[in-house]
Trainee: 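Here it is, the structure in full.
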Amino acid sequence: MAAENKDDCESYLHIYSQMRRIRAFEDNANQLYLSGKMQGLTHMSSGQEAAEVGICEALESTDYITSTHRGHGHCVAKGAHFREMFCELLGKVEGYCRGKGGSMHIADQDNGNLGANAIVGGSAGIATGAALTSKLLGKKDVAVCFFGDGALGQGLLYEVMNMASLWSLPAIYVCENNLYGEYTHVSEMAAGDLCARATAFGIEAHELDGQDVLAVKSLADDLVARARAGEGPFFVLLNTYRYHGHHVGDINRTYYRSKEEESDWKDNRDPIALFGTWLRKQKIATEKELEAIDEQVQADAKAAVEYALEASYPDLSEVDMHVYAANA
Amino acid sequence: MAAENKDDCESYLHIYSQMRRIRAFEDNANQLYLSGKMQGLTHMSSGQEAAEVGICEALESTDYITSTHRGHGHCVAKGAHFREMFCELLGKVEGYCRGKGGSMHIADQDNGNLGANAIVGGSAGIATGAALTSKLLGKKDVAVCFFGDGALGQGLLYEVMNMASLWSLPAIYVCENNLYGEYTHVSEMAAGDLCARATAFGIEAHELDGQDVLAVKSLADDLVARARAGEGPFFVLLNTYRYHGHHVGDINRTYYRSKEEESDWKDNRDPIALFGTWLRKQKIATEKELEAIDEQVQADAKAAVEYALEASYPDLSEVDMHVYAANA
Amino acid sequence: MREITLSQAVNEAIAEEMRRDPTTFVLGEDVAEAGTPFKVLSGLVEEFGTDRIIDTPISEPGFTGIAVGAAMTGTRPIIDLMFGDFLFLVMDQLCNQAAKQSYMSGGKLKVPLTLRTNLGATRRSAAQHSQSLHALVCHIPGLKVAMPSSAYEAKGLMKTAIRDDNPVVIIEDKLMYQEKAAVPEEEYLIPFGEAAVLRKGRDITLIATSSMVQVALKAAETLAADGIEAEVIDPRTLVPLDEDTLITSVRKTSRAMVIDEGHQNYGITGEIASRIADKAFYYLDAPVQRVGAMDVPVPFSPVLEDLTVPTVDAVVERVRAVVEGRLHDVA
Amino acid sequence: MREITLSQAVNEAIAEEMRRDPTTFVLGEDVAEAGTPFKVLSGLVEEFGTDRIIDTPISEPGFTGIAVGAAMTGTRPIIDLMFGDFLFLVMDQLCNQAAKQSYMSGGKLKVPLTLRTNLGATRRSAAQHSQSLHALVCHIPGLKVAMPSSAYEAKGLMKTAIRDDNPVVIIEDKLMYQEKAAVPEEEYLIPFGEAAVLRKGRDITLIATSSMVQVALKAAETLAADGIEAEVIDPRTLVPLDEDTLITSVRKTSRAMVIDEGHQNYGITGEIASRIADKAFYYLDAPVQRVGAMDVPVPFSPVLEDLTVPTVDAVVERVRAVVEGRLHDVA
Ligand SMILES: Cc1ncc(C[n+]2csc(CCOP(=O)(O)OP(=O)(O)O)c2C)c(N)n1
Ligand SMILES: Cc1ncc(C[n+]2csc(CCOP(=O)(O)OP(=O)(O)O)c2C)c(N)n1
Ligand SMILES: [Mg+2]
Ligand SMILES: [Mg+2]
C-alpha cells in the first residue's frame, strides 16, 4: 500500500500514534501495579495493538464497541483519554466510571465504548444488542464485539451470532486470537476450525495477520462499510499475541509458553515496529518524527499518571449511589 | 437392502414393532389427555418413529441416551415397558419415576435412558457427561443425545460438542429436525447450514432422511461401532416431522403450518407405512403378519393404560422423599 | 368498571407503552404470530409488526444479552421469558450484566429493560416448569422486582416497569392469566415501592405476594366468620419493598404471617419476616409466621403437587393457631 | 498439630479422596498444570494425570452439564468454578438439572457431584469477581451448601462433600487461601448439618458464615474486654442447617446477630434471623440483628469497596448497641 496523499499520511501517523498510546498506557499500568500504587489485577494488551487500532480506526465515535477484561487497548483505540483512564484504574472519581468499574469495567460512554467485561464472552450479547438498536432505530451505527480466543468456549457467542445472522445485524465479531486463555493454549480449548464457528451460522468470516495494522484496517474499512449497508454480520479472526502474562501477576509462565515463543513474537512480529518500519520505508515519517511521537505519548502518559495519582477518590457517600438509574 | 437370514428378519420385525409401539403409545397418551384422564401437557412424537427406533436399535441397553420434552418415543425405543410409562404419565407410584417426573421427565434408568428433559437442550451436557464417564472408566458405552432443531438455539450444545470433540468422547448428537420449535419454523430459528454447526467443532456430521428407518439404523450401527472404537463424537441430522401439534393442546395450527404440508408427510412419508411396504416387498412379512403385530401392540397398550388408570398414586408421604439421595 | 383478564391487562399495558414510545419492543420465543403459548401477546404483531414483536430462536441467554445491549443504546426492550424456570438460564446476563451496568459505569450507562416471566405450580408441569424463583432476582442489587396479583396490578405495574430506566423483572402468576378484575379504561400507573392494603383488619397482618394474595384474601374471609379480622397486604414490588406499610400494619395488629409461593428456605418469607421481627419487635404478640412452598422440587403427580403450595385451609388453620396462642411448645 | 493453609487443606482433601475413589476427578479451567489461578490444586496433575485433572475450555455451563451427566453414570466429579460470580452461568445445569434429578426420578438417579467455588470482596476485583452468592444456591432444594471458615473446616467439609451422593456446592473464602490453621494429619470428616460453637458466651450469640467467622471471633475478643461475652457459632453448612444448635444458644443468650458476606437483602441473614425470631421468640431480649454486605454491586474503588463488607468494628458497635439496649427508637 502506498501513501497517496496528505490525508492518508495523517491517518497513518494517527494509527501509529494510537498504537504507541496503547503500549505506553500498558507500560504505565504495569509500573503502577508493580510499584504497589495500583490495587487489584489488570490485564495488559501489549502486542495486540494492531488488532485494536486497525479495527477502531475504521469506526466513527458513534459506532459501538464492547470490550473484554483485557480492555485498555480497545478503550484507547476508540478514542479515550489517558487521564480518565488512569483515574479509573486507580479508583478515582474522575475516572470514566467514577472509579467504580476499574480496569475490568472501564468504558468510554461518549465514544461508544460500552465497556470492558469481566465475564469472558459476556459482552457478546451487548454488542449484538447495540447492533439491533441500530437496525430498529434506522441508524447506521455498527457494533464491534471484541473477544479473545478463550471466549470461543462460551455458548452465548453462538446464540447471538445466530440471531445476528438471522436478522442481518450490523455486528462485527472480532476474535483476537492471542493463542492463550489464561494458562491454556487455544488448541486445548477449541476443536475444529475457528472461522468455521462463524460460517456455520451463515456469517462471512475472515482470518488475518493481526500484527499487520494496515491489513486489519483495510479489511475493517470494507466490513464496516458493508455492515452499514446492511450486509452484516461479519466475523474476523486476528492472529496476535500478548506480551505480558495473563495479568500483571503472571510472571513465571514457562510452564505454559516458552521464552522463545515470546521473543519470536516480540522481536519479529511486533505490530508497532513493523508499522514503524513501513512508515519509514514509505517515507511517510522519519525515524526522528516517529521518536517525537513516542516521546509525546510517553509524556502524555506520565502526566496523566501523575494527575491520576493525585486525584480524589469518590466521596464515601457514593458507595450506594448509581445502584439504580434515577428515572427521568 | 435384502433380508439375508432369520436373524435379520427378526431384527426387522422388531424394528417394525418398536415403531408401532411408539405410535400406539402416543395415540393412547393423546386419548388420555383428550378424555381428561391425564393432567398436564404432553408432547407426542408420532411421525418421528424411524429416527428414534433407527438410532436406539443400534444401541445396547448399557448404552446411554438422553431425551427431550418429546420423550416417549425415545423411551419406548430404548426398551421401556408400557405399564411403567403410562403409570408415569398418570403420576402413579409404579411409574418409572414414582410419578414424580411425569411425561417431561420420564426415564428408564435400567435401560440407560437418563431421562426426558423439560429444558430445551438441557440434556446435552448430561449425555456428554455420560460419554465422559465411559471414557474415564474405560468402558465401551456410547451416549446418544437426542434433541430437536429448536435446541440448536442453545449455546450449551456448542460448548459440549466442543469438549466432546477435544476429548474424543463416544457421544452421538442426534438432531431430529421436525421443522418446528413450537410454532416457529426452523428457518426462522437457525441461520446457516445445520450440519456445519457440528463440523465447525471438528465433528463428523451426517444428514439423512429421518423417515427411512433402515437408513437411520445402518448409519447408527456404523457410528456406534466407531464411537465405541474411540472415533467419536458424531453428529446426525435426521429430517422428520411431528404429526400432532407441539403439545396435545395445540389444535389450531394452520397459522404456522399448512394442512397440506401435514398431509404430505403423513400420506407420503410415514415411516411406519414406508417400512411396512418394504417388509412386504421383501417378503419378510405379509400384510397379515404386520396386522397381527399391530393388534398385539394395541392390545398391550390398552392393557397398560387400563392398569395405569387403576394403579395407585404415591403415598402422600412421598412428597418430601428423594429430594436428597440417601448416602450409602 | 369493565373487567378484563390478567392476560388482557398485560397485553394492553404493553400495547399502550409501545404506542407511546417507538423505541419499545418485545423479544422472545413465539411472541409474534403465536402471541406466546399463553396467548398473552396475541394481536400485538398485527399492530406493531415483526420488527417490534420479535420471535427469537430458543436462546434465552443470547436474547437476554441482546436486550441488555439494546437497552444500553437507546431502546426499551421487553423480554418475554416463557417460563420462570428459565430464569436460571439468563442469570448471568441479567445479574452480572444488566443489574450492574448503572453502578459499574458510575451512573453513565443504564439498562431500561423489562423482563416478564411467570411463576406458579399446580399446572401438572413438573419440576422444570413450575418454579417460583423470584427470591433469586430479589437478592441482586440493581434489579427491581414486581409481582402483580391481579389484572389491575398487572397493567399498572407493567407500564411502570416499561418506563423505568432500570432492569425490572416482572413475574406473573401463570394460573391467573384468565382471571378477571376491574381495570380502568383510562391510563394509570402503579408506582413501585407502594404496597396495597387490600383488606383492613385488627388481629393479624397477612402479607401475601402474587398467587398467594387470593389465598390470603379467601383465608381472611373464612376467618372473619370466626371473628378473626385479618389485614391483607400485597407488597406489589419486592424490590423496592414498602417496609413502612408492612411495619405500620403489624405494629397495629401485633401478629403477622408472610405467604409466598417460592420455596420457603432462604426465600421471600425469611426476608420479610425478619424485617418485621426486627422493626415491630416490641409490638409482636406471637412469632411472625412464614408460609412458603415446600422445599422440594415440584412433583408431577397431582396428588403430591397440591401439597407443595400453601392453601387457604393451611393459612386459616395457622392463623387460628397464632391468634389462639397454640403455636410452639416453648419449653 | 501442624498448621497448613486453607489452600493446602483443600488440596489435601481432594488428593485423599481421589486416592480413595478412582471414579473421582476434577473438571475446570486451568486446573491441571496451572493448578488454578489461586494455585489451590497445584501438584494434583502430577499425581493424577490429565485424565483426572481435566482442563476445560471456558465453558462453565457446558462443563457443569458434563459433570452432571458424568455423576449420573458412575463417577464423582469435582467442578472447579474459578470465581463464585460464575455461578450465574451454571444455574440452569446446577439447579434445573443436578438439583432435581434425584427427586424427578423418584430416587432412581443421583448426582454425586461437588462444585467448589469461592466468595469474598475487598480484593479490588470489582462487581463481577467479588460476589458472595451462596444465598442463591441455598434456596434450591436438592443442593447442599457448605461454607468452610478455616483450613480445618475446609478439609473436613470437602471430604464429606465429595463422598456425598448429592450435588454439593462448597464455597471457599478466596481471601483466606493463605490463612493457616491446625489440621490433623489423620483423616477426618466434618458431618453436614452440625454447627461449630467456636466460642462460648452468655450475652449474645453471633452466628457467622465463612469469611465472617473471623470477623465475629475478633469482635468477640474486643467485646470480652468490655465484659460482653459473645457466643460465636459457625453453621458450617447452610443446607442442611443445624437449627437446633443456633436456637439452643440464642435461648441461652437471649440475643442474636447473624453476620454474612452475601448481600443482606433476601439473603442468608433473613433466613437465619427469622428462624431464630420464630423459635426463640419468648427468649429474645432484643430484635435479632442482621449484618450482611451492602446491597450494592461491589465497587472497584478501594475506598468504596471496604465499606460494603461487614467489619469487626461495625459488629462490635452493633453488639454494644444491642446489649446496652440502644437500638431502635420504638415509637
Ligand atoms: C465466564 C468466565 N470464565 C472464566 C473467567 C476467568 N478468565 C478471565 S480471562 C480468561 C481467559 C480469557 O481468554 P481469552 O478470551 O483468550 O482472552 P485473553 O485473556 O487471551 O485476552 C479467563 C478464563 C472469566 N473472567 N469469565
Ligand atoms: C430452555 C427452554 N426454552 C423454551 C422452552 C419451551 N419449549 C418447549 S419445547 C420448545 C420447542 C422445542 O423445539 P425442538 O427442539 O425443535 O423440539 P420439538 O418440540 O420440535 O420436538 C420450546 C420452545 C423450554 N422448554 N426450554
Ligand atoms: Mg486469548
Ligand atoms: Mg422441532
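Note on naming: letters A, B, ... go to the chains in the order of the sequence lines (proteins, then strands), and numbering restarts at 1 for each one.
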Trainee: Taking C/A135, C/G142, C/P299, C/A280 one by one, which has the highest count of heavy-atom pairs under 4.5 Å against chain D?
Mentor: C/P299
Trainee: In Å and rounded to the nearest 0.5 Å, what is the SG to NE2 distance from C/C138 to D/H263?
Mentor: 13.0 Å
Trainee: Name the region of C/F281, side chain, backbone, both or neither, that has any atom closer than 4.5 Å to a heavy atom of chain D.
Mentor: side chain
Trainee: For a quick test of reading the model, state the closest non-hydrogen atom pair linking C/D285 to D/Y282 and the distance between them.
Mentor: O-OH, 4.2 Å
Trainee: Tell me, side chain or backbone of C/V298 under 4.5 Å from chain D's heavy atoms, or both, or neither?
Mentor: backbone
Trainee: Given heavy-atom pairs under 4.5 angstrom as the criterion, report whether the side chain, backbone, both or neither of C/L87 touches chain D.
Mentor: neither
Trainee: Relative to chain C, which of D/M104, D/M91, D/M294 shows the most heavy atom pairs under 4.5 Å?
Mentor: D/M91
Trainee: Evaluate side-chain contact (heavy atoms from CB on, under 4.5 Å) for C/H139 paired with D/Q264, printing each intermediate quantity in order.
Mentor: CA-CA 8 Å; C/H139 185 53; D/Q264 180 166 313; over 6 Å; no
Trainee: Looking only at heavy atoms, which two atoms of C/K100 and D/A127 are closest? And how far apart?
Mentor: CE-O, 3.2 Å
Trainee: Measure the spacing between CG of C/L136 and OH of D/Y266 and express it to the nearest 0.5 Å.
Mentor: 13.0 Å
Trainee: Let me know if D/L241 has heavy atoms under 4.5 Å from chain C in its side chain, its backbone, both or neither.
Mentor: side chain
Trainee: Out of curiosity, C/D278 CG to D/Q289 CD, how far, rounded to the nearest 0.5 Å?
Mentor: 6.0 Å
Trainee: Check whether D/E271 reaches the backbone of C/G270 with its side chain - one donor and one acceptor, N or O, closer than 3.5 Å.
Mentor: no
Trainee: Pick whichever of D/A286, D/S102, D/G106 has the most heavy-atom pairs under 4.5 Å with chain C.
Mentor: D/A286
Trainee: Out of D/C95, D/A277, D/A273, return the one with the most heavy atom pairs under 4.5 angstrom to chain C.
Mentor: D/C95
Trainee: I need the minimum non-hydrogen distance between C/N96 and D/Q128, along with the two atoms involved.
Mentor: O-NE2, 2.8 Å
Trainee: With a 4.5 angstrom heavy-atom cut-off, could you sort out which part of C/Q93 is near chain D: side chain, backbone, both or neither?
Mentor: neither
Trainee: At a 4.5 Å cut-off on heavy atoms, which part of C/L238 comes close to chain D: side chain, backbone, both, or neither?
Mentor: both
Trainee: CG/C/N265 to CD1/D/I140 distance, rounded to the nearest 0.5 angstrom?
Mentor: 10.5 Å
